There are 2 protein chains.
Amino acid sequence: MPNPLLKSGRRRPIRGGRDTREEILVAAEELLLRRGFNGFSYQHIAVRLGIRNAAIHYHFPTKEDLGVALVRRYRLRFLAWTDEAAQCASAFDRLVAYFQTYVDHLDGRLQICPVGIFGAEFDAIPDRMQREAQMMMRDVYEWMVRTLHDGLGDRSVVFSGDAHDKAMEMAAAMQGALQFASIAGRERFEQVFRQITLELRPASAAGDTGPAIAA
Amino acid sequence: MPNPLLKSGRRRPIRGGRDTREEILVAAEELLLRRGFNGFSYQHIAVRLGIRNAAIHYHFPTKEDLGVALVRRYRLRFLAWTDEAAQCASAFDRLVAYFQTYVDHLDGRLQICPVGIFGAEFDAIPDRMQREAQMMMRDVYEWMVRTLHDGLGDRSVVFSGDAHDKAMEMAAAMQGALQFASIAGRERFEQVFRQITLELRPASAAGDTGPAIAA
DNA sequence: GTCTATAGAGCGATAGAC
DNA sequence: GTCTATCGCTCTATAGAC
């Protein structure tokens, strides 16, 4: 009986115990968010990791493979996160927790799921990445619609109009805020965070400043 | 006395009366929105216009020059548009008119001012473009804050919280919506448009479906 | 699993003829 | 103002040694 804690499949510990494949993904993720998919190369990654171009091709034969792995990683991370977030006391808390995942990594630029990151260069990314991006977007959208409905049920959120439209508006605002933060600093993101949460919370009476943002 | 209809400055009518410089900008603008700045080349433009690579370099010596011209074009177009929009009856109408400019060109992809388009690849565009993008963003932001204040004055809009935060949220939502539309179709944009206008309008009583979207 | 070396393509850009 | 031709560079990707 194999130890269930040891994941089956690929062998990993190489280069003095470091996991090259994982390090490639981490570096590529940051480059993707700062420079776009067509704005970084295998060379950028190789220099950061102190390895050679060809070593990356061993782990990800084509750049499309790397791109697809990045999107899948986002999707899986988001789905795992929603499981954790299910323990939040209210739907409002779950939504704020989701927005907070952006803030937590804003300077390092790693997010749980920057769902619309590929929209700006959609026609210039490989087909398989396009499809993965569409699936990722659907996951986030459906979770958000569901959570808004939950929020109406537990009376933790208020909004007017349709939950589908509200979900899309919030997701779009988060995505745009991420881009504005790149252009004009993280304060832009915090403004959007404040406004979204302010509008979502019931009894937004005077004096209530809403959830604080992590420093 | 010179004819005031004939603009002073650069001579233009070439290639059978066609304005190559302008055609380059139009083609580049659409490529930029669909593929990102690093996702299109002079070749893409040359093929579309039936000219040669070198002809583009005559009008825009470097790609940075072309990029800067594109952002300046957006800025000037937006500033000219705000002058026109000043004739709208209310601040709410001006905001809706601004959102509408996105819709009008959504399939052709030409917008008045997709203010955050460079956020996704900010670190991978030339310095001068970065600075121009920051100025463009500031223009839109300031106009939006001013218009929200006007809206409080003429009672045509309602919102909670600070006008600066609300402006940033709306601008971010529009930008995100544009990217979502690239990924999942223009209906995504229309959802955000509906929700933003719904939340902005006073007396959003039942039965009021808000401003219609142009087909 | 990582290396050296290199192929092959596309890129931005320039020179000079017309 | 547009062309042909080409340069030098970077990019993705592969072959083969270790």
Side-chain angles (χ1 to χ4, degrees), chain A residues 7 9-28 31-32 34-71 121 123-130, chain B residues 7 9-28 31-32 34-71 121 123-130:
Chain A
K7 280 189 184 166
R10 189 173 48 82
R11 290 278 161 269
R12 297 208 281 177
I14 312 293
R15 284 176 60 229
R18 295 163 63 196
D19 186 337
T20 301
R21 186 188 149 93
E22 177 64 18
E23 290 182 0
I24 291 169
L25 287 169
V26 170
L31 286 163
L32 172 70
R34 291 191 184 277
R35 304 180 59 92
F37 186 71
N38 289 305
F40 76 89
S41 69
Y42 276 34
Q43 276 303 316
H44 285 93
I45 302 172
V47 168
R48 289 196 185 198
L49 268 54
I51 59 177
R52 294 295 177 169
N53 205 330
I56 306 174
H57 279 286
Y58 170 80
H59 294 281
F60 303 97
T62 73
K63 199 180 176 187
E64 176 168 5
D65 293 325
L66 173 58
V68 169
L70 284 171
V71 194
E121 46 183 355
D123 286 6
I125 62 176
D127 288 353
R128 275 165 57 221
M129 281 185 69
Q130 290 185 351
Chain B
K7 282 189 184 165
R10 192 171 45 83
R11 290 281 159 266
R12 295 207 280 177
I14 312 293
R15 283 177 59 231
R18 294 164 63 195
D19 185 335
T20 301
R21 185 188 150 93
E22 177 63 18
E23 289 182 359
I24 291 169
L25 286 170
V26 170
L31 286 163
L32 172 70
R34 290 191 184 278
R35 303 181 60 91
F37 187 71
N38 290 305
F40 76 89
S41 70
Y42 277 33
Q43 276 304 317
H44 285 94
I45 302 172
V47 168
R48 289 198 183 197
L49 268 54
I51 60 178
R52 294 295 177 166
N53 205 329
I56 306 174
H57 279 287
Y58 170 81
H59 294 282
F60 303 97
T62 72
K63 200 181 176 187
E64 176 169 5
D65 293 325
L66 174 58
V68 169
L70 284 172
V71 194
E121 46 184 355
D123 287 7
I125 62 175
D127 288 354
R128 276 165 57 221
M129 282 185 69
Q130 291 185 351

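In what follows, chains are A, B, ... by sequence order, proteins preceding strands, each numbered from 1. What you see is a predicted model, and the numbers here were worked out from it, not measured in a lab.
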Would you mind reading off the distance between [X] atom [atom1] and [N] atom [atom2], rounded to a whole angstrom?
{"X": "A/F60", "N": "D/dT14", "atom1": "CZ", "atom2": "P", "answer": "15 Å"}
{"X": "B/L31", "N": "C/dC11", "atom1": "CG", "atom2": "P", "answer": "12 Å"}
{"X": "A/H59", "N": "C/dG1", "atom1": "NE2", "atom2": "C1'", "answer": "6 Å"}
{"X": "B/I56", "N": "C/dC11", "atom1": "CD1", "atom2": "C1'", "answer": "13 Å"}
{"X": "A/E22", "N": "C/dG1", "atom1": "CD", "atom2": "P", "answer": "15 Å"}
{"X": "A/N38", "N": "C/dC11", "atom1": "CG", "atom2": "P", "answer": "11 Å"}

Give the residues of residues 47-54 of chain A touching DNA chain D, defined as any heavy atom closer than 4.0 Å, sorted by residue number.
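A/N53, A/A54 - these, ordered by number, are the residues of the stretch whose heavy atoms sit under 4.0 Å from the strand.
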
Would you check, one step at a time, whether the test side-chain contact (heavy atoms from CB on, under 4.5 Å) holds for A/L66 with A/I45?
CA-CA 12 Å; A/L66 173 58; A/I45 302 172; 3.9 Å; yes

Counting only side-chain nitrogens and oxygens, does [X] get under 4.0 Å of the OP1 or OP2 atom of [N]?
{"X": "B/H57", "N": "D/dG1", "value": "no"}
{"X": "A/Y58", "N": "C/dT2", "value": "no"}
{"X": "B/T20", "N": "D/dT2", "value": "yes"}

So, using side chain to side chain contact (heavy atoms under 4.5 Å, CB included) as the criterion, who are the partners of A/P126 when residues are at least two apart?
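Testing A/P126 for side chain to side chain contact (heavy atoms under 4.5 Å, CB included), a comparison that skips the adjacent residues, returns A/F37, A/E64, A/M129.
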
Taking only residues two or more places apart in sequence or in another chain, which ones pass salt bridge (Lys or Arg N to Asp or Glu O under 4.0 Å) with B/R52?
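Scan of B/R52 (salt bridge (Lys or Arg N to Asp or Glu O under 4.0 Å), adjacent residues dropped) gives none.
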
Find the bend of the helix from C/dG1-D/dC18 to C/dC18-D/dG1 as the angle between its two terminal axes (five pairs each), to the nearest 10°.
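Roughly 0°, once rounded to the nearest ten degrees.
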
Sort me out a list of protein N/O and nucleotides 6-11 of chain D N/O pairs below 3.5 Å, or just none if empty.
none

Please enumerate all residues that pass ring pair (Phe, Tyr, Trp, His ring centres under 6.0 Å) together with B/Y42, with sequence neighbours excluded.
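Counting only residues at least two positions away or on another chain, B/Y42 forms a ring pair (Phe, Tyr, Trp, His ring centres under 6.0 Å) with B/H57.
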
Considering only heavy atoms from C-beta outward, does the side chain of [X] approach that of [Y] to under 4.5 Å?
{"X": "A/R21", "Y": "A/Y58", "answer": "no"}
{"X": "A/E23", "Y": "A/I51", "answer": "no"}
{"X": "B/V68", "Y": "B/V71", "answer": "no"}

Find the distance between NE2 (B/H59) and OG1 (B/T20) and round it off to the nearest 0.5 Å.
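OG1 of B/T20 is found 4.5 Å from NE2 of B/H59.
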
